[in-house]
Amino acid sequence: MQICAERMARAAGRGGDAGLRAPAASPTSARPKACPGVPPPMRLTQYFLPVLKETPAEAQIASHRLMLRAGMIRQASAGIYSWLPLGYRVLRRIETIVHEEQQRAGHIPMLMPTIQSADLWRESGRYDDYGEEMLRLRDRHDRELLYGPTNEELITEIFRTGVASYKELPLTLYHIQWKFRDEIRPRFGVMRGREFLMKDGYNFDLTKDDALHAYNRHMVSYIRTYERMGLKAIPMRADSGPIGGDNTHEFLVLAPTGESGVYYDRAVTDLTLGERAIDYGDRAAVAAICTDWTTPYARTDETHDPALFAALPEARRVEGRGIEVGQIFYFGTKYSEPLKALVSTEEGERVPVHMGSHGIGVSRLVGAIIEASHDDRGIVWPEGVAPFRVGLVNLRQGDGATDAACAALYGELRAAGLDPLYDDRDERAGAKFATMDLIGLPWRITVGPRGLAAGKVELTARRSGETEEMSPAEAVARCTEIYRGH
RNA sequence: CGGGGCGUAGCGCAGCCUGGUAGCGCAUCUGCUUUGGGAGCAGAGGGUCGUAGGUUCGAAUCCUAUCGCCCCGACCA
């Protein structure tokens with residue numbers, strides 16, 4: 001508390017957001033670090049962004065290379081990563097979008113632990129089935145524990161002791177929590193880590209129909225979630241695998257480096273939800289959206305049916321690669337029966353509930369987005385997940401007029417909620433541009449003495465490289481407009 | 001788990017075969033010059049050579065064991 005108060009006072013002492021202060025007051029003064037609730041100054045000289053000019057040898061694919069080079073992650077051990085400040089920001093952006101869309105669909109957030117008791121898994125019969133992929137632990141009393149690879153058992157246990165009547169249904173609970181699966185061979189950075197962050201949700205319904213509505217709600221909310229992240233993710237009929245169930249779709253992001261082969265009807269990539277209002281309580285409307293998305297042929301190599309595919313007109317057949325970023329299941333009473341998740345019906349009968357589970361690979365999405373959106377200079381973040389909305393580049397650090405213009409613009413961008421990253425390092429233009437391109441901020445405002453003489457700054461789109469000159473006020477207005485709705 | 005490879009400065013690597021002062025590039029620090037796409041010059045700091053044994057007058061180098069990491073394969077959100 002005290003430390004926080006001190007930092008706040010120090011921040012206030014230099015003009016609130018530090019916008020007008022000269023860099024590095026003295027070498028001995030501690031850098032201000034983030035306090036809860038107090039956004040740290042986002043000046044590059046005060047941030048922690050360890051970018052690499054050279055590519056680390058172990059990284060094989062673009063997203064892994066770029067995440068290491070851009071100072072987003074650092075490997076702690078095989079398949080286990082620290083999330084450095086820039087990577088953590090992206091992770092949080094993705095998490096926030098997932099939370100927002102889940103709650104819009106009426107699903108309730110909670111948090112279950114990473115460590116679970118083995119007993120519960122014996123009850124469901126999966127303790128032995130799961131095999132070596134499950135990390136097993138013992139505590140000091142020699143009790144058997146495990147690091148959760150998923151949460152069906154735990155959530156069902158919570159449900160069965162908390163819900164007894166059909167009147168409390170329907171119910172969908174979810175959480176975003178770290179999982180551990182002891183992959184034989186982790187690789188590709190966060191795309192296939194052993195520890196990963198996943199949103200997993202579980203629906204509890206009285207009837208199969210209700211549960212299928214929950215399934216549809218998830219499909220629609222997932223489509224919207226991925227759209228907001230700038231991704232084209234296609235639901236594809238899938239195999240159920242060890243989780244079980246007879247109704248399941250996987251969501252695949254199209255990317256040439258994907259692990260799965262995908263076959264789909266071009267028509268499916270033309271579909272978008274956009275800004276349309278969705279009433280998640282309207283079963284018919286939700287089901288209709290699902291029908292739109294699942295009617296065109298779209299399958300992975302696991303479920304691909306060449307004959308069906310060949311029946312499509314040739315111009316609409318697309319073969320490619322995809323990265324799985326989510327999966328939804330309806331599995332009926334597979335867990336509620338053995339785990340005795342029962343509710344009383346109107347007639348007073350005790351019946352097992354119908355369940356489904358639904359996952360989004362949050363940490364994997366960071367890699368998947370990069371795979372889908374990068375070029376030879378670095379990452380190109382979609383607006384929805386950019387770690388900073390706007391990069392501000394000062395081309396003549398130390399020049400009074402340029403510094404003042406940057407400080408003023410920085411303040412205005414912050415005031416407008418545009419979350420800028422201000423490169424105030426004493427570096428040459430080329431180095432600053434290279435860093436900005438590498439970390440992939442979608443919009444860059446460049447301020448130099450040349451343009452400033454005419455009262456102009458430059459606004460550059462990372463994706464296209466197009467640059468436009470305008471006044472600082474116009475630049476702020478344009479960025480505000482661009483980010484409206486994000 | 002089968003096959004292959006690698007551990008030497010923060011990163012990328014050379015040195016090992018043939019044992020004898022631990023090197024190069026980038027990064028970092030200092031100074032000067034430079035300043036619109038990863039600057040130049042001069043100087044400086046930083047490494048128990050993954051770890052443990054062994055052989056030897058002497059080990060980064062040879063031998064043994066062990067740990068870690070990467071790649072290919074079967075498996076996976």
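In the text below, chain A, chain B and the rest are named by the order of the sequence lines, each starting its count at 1. Computed from a prediction, not measured in an experiment: that's the story for all the values here.
- Within the nucleic acid shown, A:Arg396 comes within 4.0 Å of sugar-phosphate atoms alone, with no base atom in reach, counting heavy atoms only.
- Using a 4.0 Å heavy-atom distance criterion, A:Glu54 is classed as a base contact.
- Without hydrogens or angle criteria, A:Thr435 side chain to A:Ala431 main chain gives a donor-acceptor distance under 3.5 Å.
- Residue A:Ile184 places its side chain closer to B:A74 than to any other of B:C70, B:C26, B:A74.
- Between A:Thr446 and B:G36 there is no side-chain N or O to OP1 or OP2 distance below 4.0 Å.
- Between B:G37 and A:Arg377, no contact under 4.0 Å exists linking OP1 or OP2 to a side-chain N or O.
- Taking atom CD of A:Glu250 as the reference point, atom P of B:C76 lies 11 Å away to the nearest angstrom.
- With hydrogens and angles ignored, a donor-acceptor pair under 3.5 angstrom links the side chain of A:Glu458 to the base of B:G36.
- B:C49 and B:A60 are spaced 6 Å apart, taking the P atom of each and rounding to whole Å.
- Spacing of C1' atoms, B:U33 relative to B:C16, comes out at 43 Å, to the nearest Å.
- Within the nucleic acid shown, A:Gly359 has no heavy atom closer than 4.0 Å to any nucleic acid atom.
- In the model, A:Arg237 has no side-chain atom that pairs as donor or acceptor with a side-chain atom of A:Thr248 under 3.5 Å.
- Here the side chain of A:Asn203 pairs no donor or acceptor atom with the backbone of A:Met355 at under 3.5 angstrom.
- Between B:U61 and B:G45, the two P atoms lie 27 Å apart (nearest whole Å).
- At a cut-off of 3.5 angstrom, the base of B:C76 holds no donor-acceptor pair with the side chain of A:Arg181.
- Residue A:Gln327 places no side-chain N or O under 4.0 Å from the OP1 or OP2 atom of B:C76.
- The distance from atom CG of A:Asp426 to atom C1' of B:G38 is 15 Å, rounded to the nearest whole Å.
- Looking at heavy-atom distances under 4.0 Å, A:Ser363 makes no contact with the nucleic acid at all.
- Only the C1' atoms considered, B:U55 is 39 Å distant from B:G73, to the nearest whole Å.
- With both pairing distances under 3.5 Å, B:U64 is matched to B:A52 as a Watson-Crick or G-U wobble pair.
- With a cut-off of 3.5 Å on both Watson-Crick or G-U wobble distances, the partner of B:U34 is given as none.
- Note on A:Arg428: a side-chain N or O is less than 4.0 Å away from OP1 or OP2 of B:A39.
- Across all strands, A:Arg69 comes closer than 4.0 Å to base atoms (heavy-atom distances).
- If you check every strand for non-hydrogen atoms under 4.0 Å, A:Asp200 touches nothing.
- For the pair A:Glu133 and A:Phe433, both in contact range of RNA chain B, the more 5′-proximal nearest nucleotide belongs to A:Phe433.
- For A:Arg450, counting side-chain heavy atoms from C-beta on, the closest listed nucleotide (B:G37, B:C76, B:G36) is B:G36.
- For the pair A:Met134 CE and B:C76 C1', the computed distance is 16 Å after rounding to whole Å.
- With hydrogens and angles ignored, no donor-acceptor pair closer than 3.5 Å exists between the side chain of A:Glu427 and the base of B:G38.
- Base pairing of B:G2: its partner is B:C72, meeting the Watson-Crick or G-U wobble criterion (both donor-acceptor distances under 3.5 Å).
- Between the side chain of A:Asp399 and the main chain of A:Thr402, a donor-acceptor pair closer than 3.5 Å is present.
- Between the CG atom of A:Asp301 and the C1' atom of B:C75 there is a distance of 14 Å, given to the nearest Å.
- Distance A:Arg187 CZ to B:C6 P: 21 Å, rounded to the nearest Å.
- Pairing partner, B:C26: B:G10, with both Watson-Crick or wobble hydrogen-bond distances short of 3.5 Å.
- Judged by distance alone, with hydrogens and angles left aside, A:Arg185 brings no side-chain donor or acceptor close enough to the base of B:C70 to form a pair under 3.5 Å.
- Candidate nucleotides B:G37, B:G38, B:C69 were compared by shortest atom distance to the side chain of A:Ala429, and B:G37 ranks first.
- Comparing the C1' positions of B:G3 and B:C13 gives an interatomic distance of 26 Å, to the nearest angstrom.
- Between B:G7 and B:C62, the two P atoms lie 12 Å apart (nearest whole Å).
- Backbone-only engagement by A:Gln60 is indicated by non-hydrogen atom pairs under 4.0 Å involving sugar-phosphate atoms exclusively.
- In this structure, the CE atom of A:Met72 is 19 Å from the P atom of B:C11, given to the nearest Å.
- Counting only heavy atoms from C-beta outward, the side chains of A:Asp419 and A:Arg414 never approach each other to under 4.5 Å.
- When the nucleotides B:G37, B:C1, B:C70 are ranked by their closest atom to the side chain of A:Ala78, B:C70 comes out on top.
- Counting non-hydrogen atoms under 4.0 angstrom, A:Ala434 reaches a base of the nucleic acid.
- A:Gly193 comes within 4.0 angstrom of a base, heavy atoms only.
- Although no hydrogens or angles enter the test, the distance criterion places no donor-acceptor pair under 3.5 Å between the side chain of A:Ser63 and the main chain of A:Glu371.
- Side-chain N or O atoms of A:Arg321 include one that pairs as donor or acceptor with a backbone N or O of A:Glu259 at under 3.5 Å.
- B:A27 sits 42 Å from B:A65 when the P atoms are compared, rounded to a whole Å.
- Straight-line distance from the CD1 atom of A:Ile439 to the C1' atom of B:G38: 14 Å, rounded to whole Å.
- Nucleotides B:G40 and B:U34 place their C1' atoms 8 Å apart, quoted to the nearest Å.
- If you check B:G58 for Watson-Crick or wobble pairing at under 3.5 angstrom, you find it has no partner at all.
- The side chain of A:Arg444 lies closest to B:G37, out of B:C1, B:C70, B:G37.
- Phosphate contact (OP1/OP2 of B:A27, side-chain N/O of A:Lys53, threshold under 4.0 Å): present.
- Remark: the A:Gln102 side chain and the A:Tyr222 side chain contain no N/O donor-acceptor pair separated by less than 3.5 Å.
- Judged by distance alone, with hydrogens and angles left aside, the side-chain atoms of A:Tyr263 form no donor-acceptor pair with the main-chain N or O of A:Pro306 at under 3.5 Å.
- Of the two residues near RNA chain B, A:Arg425 and A:Gly79, the one whose nearest nucleotide lies more 5' is A:Arg425.
- Counting to the nearest Å, the P atom of B:G38 and the CG atom of A:Leu395 are 13 Å from each other.
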